[in-house]
Amino acid sequence: MLYVSLFFVLVLLWFAWPVAREPGSSARWFQFLLCGGVTSFLSCSLLIPAVFALLVIALGVWPLVRARVRTFAPLAAVAIAIPYGCVSRDAAKDLAEHQRLQREYPFESLSARAPEPRTAFRAPPTGHAAIQFDSFESALDRNPDALARSVYLRQLHDSNVDTFVNNPGFGVFRMVPSRVTGERLKGRSERGESPAQPGSPVPWDASEPLVPAPDADRGALRKLHGDGLLDFVNPDGWGYIKDRDRVAGFLSHRFSKVPEAEVWQVQRIELIGLLKHPGPVVYLSEKLPAMSELQNAPTRKLDSFEARALEPIRAGDDLFATRRGEIARFVGAIRSTKQCVECHGGTRGDLLGAFSYTLRAR
Ligand code: HEC
């Protein structure tokens, strides 16, 4: 666009010069004014009208100073330099901000942080779990905010100085603010800290038999798990994923609120990790799972309920639930959808982990 605007300036000068030579000629003025109108219109910018207006003033002043200044060139140079100076200053400011944001949201490699799913946990969902899995996957795609943030981050990284100078921002459409701003990137990612675990661990007698929860309960638990998982993985925070080794603006998964269900009150949600340790472990934390805090958190072995619950999940089910009076416990599978695979590697359907819930009836 810089080159296009320079072309228009040359055209303006081409018509201004005859006026400078014969300021009294109304025909030459007419041609110049017509050319100024047309170029201003075609350029769609404020730059060319500004150059044109200053040239009109310069040509108006020219007869008065003609005796002392030998050519019209210095006046024309001033008329061009002022608008270009302003625009360059603005462009330099935008460019500096752009480069600052590139440093604030650099590409980072996530392949070391998120180990590939283990083939031992390659357990694609079956039956009802598969339907649930498909609908969770499409819910992830219906997220305009996440899309907007990743588009901004892509623009931030895929443009360089040359495209920046030559994009419509330089002079043409100058009034349109630069599209990628710190506010826009931050505004879409702000959310609360991970809340504390709402209740303390519930005594659980391992010797009592485990009765699977009735189907009515399973429906409510499925919804609770789906809502909670969506909040935890937070697609808004994924950023721009070029590939596993180049991700910009990623925000670690964490809960922002305690998931709610009509009949159940969440007491605890713990993450069963399947990726980082040789066998399944439960991360210990007094907060709802937040990956930034669980990296170095202590772990415990699965208890007998969790170990039992993992069996049907490894066979393709999405949850295993049991109820004893007021208390329900269930484990919900966390499987890799096509979107998760972009960062986590492996195959769609792989188990990435599970949440172990303890709930109390309201
Ligand atoms: C933009 C990259 C990215 C995407 C997309 C992504 N994750 Fe993650 N995930 C990570 C990283 C990185 C970690 C490791 C923890 C960390 O460094 O924050 C992780 C960790 C996890 C963990 C914990 C693993 C453990 O045991 O420590 C689970 C579970 C998980 N992700 C599930 C998902 C699911 C489910 C999806 C898709 C719905 C998903 N992730 C999409 C990057 C991503």
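Atoms within a ligand are numbered from 1 in the order they appear, just like the ligands themselves. Please read these numbers as outputs of a predicted model, since none were measured by experiment.
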Colleague: I'd like to know if the side chain of Glu270 pairs up with that of Ser356 as donor and acceptor (distance under 3.5 Å, no hydrogens or angles considered).
Modeller: no
Colleague: Using a cut-off of under 3.5 Å, which N/O atoms of ligand 1 pair up with protein N/O atoms, and what distance separates each pair?
Modeller:
unit_1   : atom_1 : unit_2 : atom_2 : d
ligand 1 : 7 (N)  : His253 : NE2    : 2.8
ligand 1 : 7 (N)  : His344 : NE2    : 2.8
ligand 1 : 9 (N)  : His253 : NE2    : 2.8
ligand 1 : 9 (N)  : His344 : NE2    : 2.8
ligand 1 : 17 (O) : Arg113 : NE     : 2.6
ligand 1 : 17 (O) : Arg113 : NH2    : 3.1
ligand 1 : 18 (O) : Arg113 : NH2    : 3.2
ligand 1 : 18 (O) : Ser252 : OG     : 2.4
ligand 1 : 26 (O) : Tyr283 : OH     : 3.2
ligand 1 : 27 (O) : Tyr283 : OH     : 2.8
ligand 1 : 31 (N) : His253 : NE2    : 3.0
ligand 1 : 31 (N) : His344 : NE2    : 2.9
ligand 1 : 40 (N) : His253 : NE2    : 2.9
ligand 1 : 40 (N) : His344 : NE2    : 2.8

Colleague: With Phe8, which of Leu47, Val51, Ile48 fulfils side-chain contact (heavy atoms from CB on, under 4.5 Å)?
Modeller: Ile48
Colleague: Under 3.5 Å, is there a donor-acceptor pair between the side chain of Arg268 and the main chain of Leu359?
Modeller: no
Colleague: Specify whether Phe232 and Phe355 have parallel, tilted or perpendicular ring planes, treating 30° as the upper limit for parallel and 60° as the lower limit for perpendicular.
Modeller: perpendicular
Colleague: Are more than 12 heavy atoms, taken from residues, nucleotides or ligands other than Lys242, located less than 6.0 Å from that residue's NZ atom?
Modeller: yes
Colleague: Parallel, tilted or perpendicular: which one describes the rings of His225 and Phe330, with boundaries at 30° and 60°?
Modeller: perpendicular
